[in-house]
Amino acid sequence: MRPVIGLCDCNNFYVSCERVFAPSLEGQPVGVLSNNDGCIIARSQELKDLDIPMGQPAFQIPPSVRKKITLCSSNYALYGDMSRRVTETLRARCPAIETYSIDESFLFFDGFSLDDLDTHCQRMRYEVKRNTGIPVSIGLSTSRTLAKIANHRAKKDPACAGVCWLDPDSITMQELLEQLPVDEVWGVSRRLGDRLAAMGITTAWQLRQADPKHIRSRFSVVQEKLVWELRGHDCIETESLTKKQNIMTSRSFGRATDNRFDVKEAIRMHAQHGAEKLRKQGSEAQGILVFMKTNRHRMDQLQYNPSIVIPLVSPSNDPRTILAAATEGFDRIWKDGYRYAKAGVMMLDTVDTGSAPKDLFDDTDSQDKQRRQALLNTIDKLNAQMGRDTLSFGGKRETAPWHLRRQHLSKRFTTCWCELPLAHV
DNA sequence: TCTGGGGTCCTAGGACCC
DNA sequence: TCTGGGGTCCTAGGACCC
């Protein structure tokens with residue numbers, strides 16, 4: 001018997017997080033918006049039932065519908081912390097766990113008896129709900145791809161009560177795969193789906209029956225693995241995702257701007273956040289990429305989307321080094337006369353801190369290095385305790401045009417003392 | 001007025017080497 | 001007609017994910 005893999009997925013995660021602290025939203029159509037209150041990125045079932053699609057720009061929702069629904073700005077401080085709490089609860093019942101995204105984790109049930117698994121998973125669901133208020137569903141099979149499919153069924157079929165085990169070689173599995181359009185399989189999107197359809201493969205079952213070698217020759221090793229996954233063989237690795245090779249920090253601006261100072265300030269902020277993310281994962285970047293963009297939707301405006309890579313002399317996560325490189329990059333690509341709508345910085349080709357060979361020309365003595373490290377540790381500690389950007393290099397203005405629009409933001413209920421929910425007696 | 005922000009992996013093809 | 005053959009490394013770009 002192959003080992004059982006589970007996929008635990010939080011139901012409508014962002015919406016569920018909002019509902020934990022606003023119970024009146026229960027049963028109501030609720031959506032969560034992307035940064036800048038731009039597009040719908042999460043929907044409650046009630047909102048899905050109103051045929052509001054994923055990715056819909058908020059301003060395109062008809063006023064008649066807009067009146068009936070609640071839209072929230074995204075609150076990543078809240079969602080990130082809730083996600084951590086969900087994972088902690090799961091880990092207590094299943095130590096072999098692999099976080100896949102903010103709302104999904106793979107669970108590895110090696111050594112568990114199949115007979116007890118349903119009860120065990122029901123208990124996990126109950127505990128997550130009790131400890132965090134978040135409803136989850138668990139799908140079980142023998143590969144990640146099939147666990148994903150089982151999870152979908154766990155959500156949709158009331159008879160499952162939130163947990164669904166699918167034997168890869170059962171009739172039930174075959175029937176399910178025969179009804180599943182191939183482009184709804186994890187890893188197959190519309191484009192690939194069209195190419196498969198041209199070969200006569202339109203259902204997940206047909207893909208499973210296809211010759212893996214043939215699929216590999218027509219597509220790539222990724223799609224070949226998919227065939228094996230559909231047959232119940234676990235062959236997709238996801239755990240290498242722990243340390244990021246590149247770290248992107250970027251945001252669209254609340255308002256577009258042609259002001260050099262504004263854009264530079266945004267880039268400097270992203271550079272500092274990037275350096276902070278590097279230190280958090282114990283990495284140093286070997287180079288940084290700086291970019292800015294005009295609004296691609298405004299065809300009536302001049303477009304300019306420059307980017308530049310600035311290599312670092314030696315790998316670094318020191319905000320002053322990163323800032324200097326980002327500023328240099330900015331100065332080299334900046335042009336007057338455009339209305340910029342977005343800017344960002346990417347930390348490139350990260351390596352473990354201290355793993356790089358020593359730079360021969362680096363004459364900083366070790367005492368200097370220690371002082372520098374102590375300073376960075378203090379900055380990180382303060383920002384972690386007191387909130388992001390409590391301490392930063394160069395001031396920031398609350399009114400800068402690049403600040404996010406967040407008109408419907410909930411509180412940081414679980415990560416900020418001054419925003420704890422209040423109980424009224 | 002208004003349209004997200006991250007990531008990963010794979011392949012093809014060029015540069016370069018012996 | 002025919003222009004060596006095999007290998008590595010790097011990068012750009014495509015495709016997909018949440």
Side-chain angles (χ1 to χ4, degrees), chain A residues 7 9-10 12-14 31-43 53-61 63 66 71 73-76 79-80 83 99-106 144-145 148 151 182-196 215-226 235-257 266 270 273-274 277 281 286-287 289 291 293-301 307 309 311 339 341-350 401-402 404-408:
Chain A
L7 173 65
D9 190 321
C10 302
N12 311 322
F13 181 55
Y14 295 170
V32 173
L33 299 167
S34 60
N35 279 322
N36 271 322
D37 295 344
C39 303
I40 303 256
I41 53 166
R43 302 164 298 160
M54 195 73 165
Q56 167 98 346
F59 76 96
Q60 286 176 359
I61 297 173
R66 183 66 187 79
L71 295 179
S73 301
S74 40
N75 183 347
Y76 288 105
Y79 310 152
S83 171
T99 306
Y100 176 64
S101 71
I102 195 165
D103 68 333
E104 285 170 283
S105 293
F106 287 107
R144 289 169 173 80
T145 305
K148 197 103 175 162
N151 183 279
V182 74
D183 60 7
E184 286 179 26
V185 174
W186 188 41
V188 182
S189 200
R190 276 297 292 278
R191 204 180 230 118
L192 189 58
D194 289 348
R195 288 173 62 197
L196 285 166
I215 294 294
R216 179 171 188 153
S217 69
R218 293 289 295 269
F219 300 94
S220 80
V221 64
V222 182
Q223 284 70 36
E224 183 196 359
K225 281 184 184 171
L226 212 49
C235 48
I236 295 179
E237 307 262 342
T238 50
E239 53 204 333
S240 60
L241 303 178
T242 43
K243 275 200 180 181
K244 313 289 182 210
Q245 289 173 21
N246 300 306
I247 296 174
M248 171 80 98
T249 328
S250 80
R251 290 287 183 278
S252 296
F253 300 156
R255 304 191 304 273
T257 177
H270 290 312
H273 286 171
K277 290 183 189 175
Q281 76 163 23
Q286 305 192 74
L289 177 142
F291 73 90
K293 290 173 186 290
T294 47
N295 185 343
R296 66 196 164 91
H297 299 285
R298 291 293 298 268
M299 297 315 286
D300 57 317
Q301 293 182 354
S307 70
V309 171
R339 294 190 58 74
K342 182 175 181 176
V345 173
M346 183 143 74
M347 308 292 118
L348 302 172
D349 303 324
T350 64
W402 46 264
L404 289 177
R405 254 195 320 274
R406 292 201 281 189
Q407 291 183 343
H408 319 282

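Computed from a predicted model, the values in this text were never measured in an experiment. Both backbone and side-chain heavy atoms feed into the values below; hydrogens, waters and symmetry mates do not. Here is the naming used below: chain letters follow the sequence lines, and residue numbers restart at 1 for every chain.
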Handout entry: Closest to the A:Val221 side chain, choosing from B:dT3, B:dC10, C:dC18
Key =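 When the side chain of A:Val221 is considered, B:dC10 is the closest of B:dT3, B:dC10, C:dC18.
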Handout entry: side-chain hydrogen bond (donor to acceptor under 3.5 Å, both in side chains) against A:Asp9, all qualifying residues, sequence neighbours excluded
Key =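 A:Asp9: side-chain hydrogen bond (donor to acceptor under 3.5 Å, both in side chains) contacts with A:Lys155.
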Exercise for the section: Select base, sugar-phosphate, or nothing to describe what A:Gln56 touches, counting heavy atoms under 4.0 Å on all strands. Expected result: nothing
Handout entry: Whole-Å gap separating P (B:dT3) and CD1 (A:Ile41)
Key =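 It is 14 Å, rounded to the nearest whole Å.
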Practice task
Specify the separation, in whole Å, of atom NZ of A:Lys293 and atom C1' of B:dG4.
Solution key: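 These atoms are roughly 12 Å apart.
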Practice task
Give one of base, sugar-phosphate or nothing for A:Ile102, where a contact means two heavy atoms less than 4.0 Å apart.
Solution key: nothing
Exercise for the section: Output the single nucleotide from B:dT3, C:dC18, B:dC2 whose closest atom is nearest the side chain of A:Arg298. Expected result: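 Output: B:dC2.
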Exercise for the section: Name the residue closer to the 5' end of DNA chain B, choosing between A:Arg216 and A:Gly254 according to the nucleotide with the nearest heavy atom. Expected result: A:Gly254
Handout entry: Residues which pass side-chain contact (heavy atoms from CB on, under 4.5 Å) with A:Pro57, listed by chain and number, not counting sequence neighbours
Key =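 A:Phe59, A:Gln60.
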Problem - A:Gln245 side chain, from C-beta outward: closest of B:dT3, B:dT8, C:dC17 - result: B:dT8
Handout entry: Closest nucleotide among B:dC10, B:dG5, B:dG7 to the A:Val222 side chain
Key =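 Per side-chain heavy atoms of A:Val222, the pick is B:dC10.
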Practice task
State, with a plain yes or no, whether a side-chain heavy atom of A:Gln223 is found less than 4.5 Å away from one of A:Arg218.
Solution key: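 Counting from C-beta outward, A:Gln223 and A:Arg218 never come under 4.5 Å.
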Practice task
Give a yes or no on whether the backbone of A:Gln407 and the side-chain of A:Asp37 come within a donor-acceptor separation of less than 3.5 Å.
Solution key: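 Such a contact is found between A:Asp37 side chain and A:Gln407 backbone.
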Handout entry: Heavy-atom check, side chain of A:Gln281 versus side chain of A:Lys244, under 4.5 Å
Key = yes
Practice task
Let me know the distance between CG of A:Asp103 and C1' of B:dG5, rounded to the nearest Å.
Solution key: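 Between C1' of B:dG5 and CG of A:Asp103: 15 Å.
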Practice task
Kindly say whether A:Leu33 contributes a backbone atom to a donor-acceptor pair with the side chain of A:Ser74 at under 3.5 angstrom?
Solution key: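 Here the side-chain-to-backbone pair exists.
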Problem - Presence of A:Lys148 side-chain N/O under 4.0 Å of C:dC18 phosphate oxygens OP1/OP2 - result: yes
Problem - Close side-chain approach of A:Asn246 and A:Thr350, heavy atoms under 4.5 Å - result: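 A:Asn246 vs A:Thr350: side chains apart.
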Handout entry: C:dG4 and B:dC16, which share atom name C1', separated by this distance in whole Å
Key =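 Result for the C1' pair: 16 Å, nearest Å.
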Practice task
For A:Ala256 and for A:Lys342, find the nucleotide of DNA chain B with the closest heavy atom, then tell me which residue's nucleotide is more 5'.
Solution key: A:Ala256
Handout entry: Of the listed nucleotides B:dG5, C:dC18, B:dC2, the one nearest the side chain of A:Arg405
Key =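 Out of B:dG5, C:dC18, B:dC2, the nucleotide with an atom closest to A:Arg405's side chain is B:dC2.
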Exercise for the section: Assign A:Thr249 to base, sugar-phosphate, or nothing according to its heavy-atom contacts below 4.0 angstrom with the strands shown. Expected result: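 Sugar-phosphate contact only - A:Thr249 comes under 4.0 Å of backbone atoms but never of a base.
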Exercise for the section: Using heavy atoms and a sub-4.0 Å distance, could you list which residues of residues 32-39 of chain A are near DNA chain B? By number, please. Expected result: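 DNA chain B contact set from residues 32-39 of chain A: A:Ser34, A:Asn35, A:Gly38, A:Cys39.
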Exercise for the section: Taking only the side-chain nitrogens and oxygens of A:Ser252, find out if one of them lies under 4.0 Å from OP1 or OP2 of B:dG5. Expected result: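 For B:dG5, OP1/OP2 do have a side-chain N/O of A:Ser252 under 4.0 Å.
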Problem - Donor-acceptor under 3.5 Å (A:Arg216 side chain, A:Val221 main chain) - result: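 Pair absent, no side-chain N/O of A:Arg216 close to backbone of A:Val221.
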Handout entry: Rounded interatomic separation in angstrom, taking CG from A:Asp349 and P from C:dA12
Key =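 Result: 11 Å.
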Problem - A:Lys277 side chain to A:Met248 backbone, donor-acceptor under 3.5 Å - result: yes
Completion exercise
note: A:Ile236, atom CD1; C:dC17, atom P; distance rounded to Å ~ 10 Å
Practice task
Would you mind reporting whether A:Ile215 and A:Leu226 have side-chain heavy atoms less than 4.5 Å apart?
Solution key: no
Practice task
For the residue pair A:Phe219 and A:Leu196, establish whether any side-chain heavy-atom pair is separated by less than 4.5 Å.
Solution key: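 Answer yes - side chains close enough.
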Handout entry: Which nucleotide in B:dG7, C:dC18, B:dT3 has an atom nearest any side-chain atom of A:Asn295
Key = B:dT3
Handout entry: Value in whole Å for how far the P atom of C:dC18 lies from CD of A:Glu184
Key = 12 Å
Completion exercise
Here the distance between atom P of B:dT1 and atom CD of A:Gln60, to the nearest Å, is 13 Å
Handout entry: With sequence neighbours excluded, residues passing side-chain hydrogen bond (donor to acceptor under 3.5 Å, both in side chains) with A:Ser307
Key = none
Are there any protein N/O atoms within less than 3.5 Å of an N/O atom in nucleotides 13-16 of chain C, and if so, which ones and at what distance?
{"residue": "C:dA15", "atom": "OP2", "partner": "A:Arg191", "partner atom": "NE", "Å": "3.4"}
{"residue": "C:dC16", "atom": "OP1", "partner": "A:Leu192", "partner atom": "N", "Å": "2.9"}
{"residue": "C:dC16", "atom": "O3'", "partner": "A:Gly187", "partner atom": "O", "Å": "3.4"}

Problem - Base-pairing string, 5' to 3', of DNA chain B - Watson-Crick or wobble, under 3.5 Å, | interstrand - result: ....||||||||||||||
Handout entry: Check: A:Glu104 and A:Leu7 side chains under 4.5 Å, non-hydrogen atoms
Key =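 Yes - at least one pair of side-chain heavy atoms lies under 4.5 Å apart.
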Practice task
Using atom OH of A:Tyr100 as one end and atom P of B:dG7 as the other, report the distance to the nearest whole Å.
Solution key: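 A:Tyr100 atom OH is separated from B:dG7 atom P by 14 Å.
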